[in-house]
Amino acid sequence: MVASKTRFFKQDINLITPYHDGLDNNMYTSFYAYGILGIILDWIKNDFEQSPDYMAKQLCKIINYYPAESFITGNT
């Protein structure tokens, strides 16, 4: 079931994700889809602490948020 949802979701991401040399689009799509799924699962795990309206608005903001660049840095 998740695989079919990921394939559908991948079509949407391909339309909005700019090309990045060396980025595996399948891995990026899985990362993005499972991140959203994780938010929903946490909401369920926390007994629906936030309202559905709040969650819908937050997910829309998250989905539509496009930072110029994202980096993971370590203490070097």
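Throughout, residue positions are numbered sequentially from 1 according to the sequence presented. Atoms considered below: every heavy atom in the structure, side chains included; atoms not considered: hydrogens, waters and symmetry mates. Please read these numbers as outputs of a predicted model, since none were measured by experiment.
Hydrophobic clustering (side-chain heavy atoms under 4.5 Å, transitive across Ile, Leu, Val, Met, Phe, Trp, Tyr) groups Ile44 together with Tyr54. Both Ile40 and Phe48 are assigned to one and the same hydrophobic cluster, defined by single-linkage of ILVMFWY side chains at heavy-atom distances under 4.5 Å.
The CD1 atom of Ile36 lies 8.0 Å from the CD1 atom of Ile62; values are rounded to the nearest 0.5 Å. Atom CG in Leu41 sits 11.0 Å away from atom OH in Tyr34 (nearest 0.5 Å).
Proximity of Gln58 to Ile39: side-chain heavy atoms (C-beta onward) are nowhere separated by under 4.5 Å.
Partners of Asp53 according to the salt bridge (charged side-chain N to carboxylate O under 4.0 Å, His left out) rule, which considers only residues two or more places apart in sequence or in another chain, are Lys57.
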(request) Show the numbers, then the answer: is there a side-chain contact (heavy atoms from CB on, under 4.5 Å) between Glu49 and Trp43? (result) CA-CA 7 Å; Glu49 188 175 316; Trp43 181 52; 5.6 Å; no
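Identified under the salt bridge (Lys or Arg N to Asp or Glu O under 4.0 Å) test for residues 32-48, with sequence neighbours left out: none.
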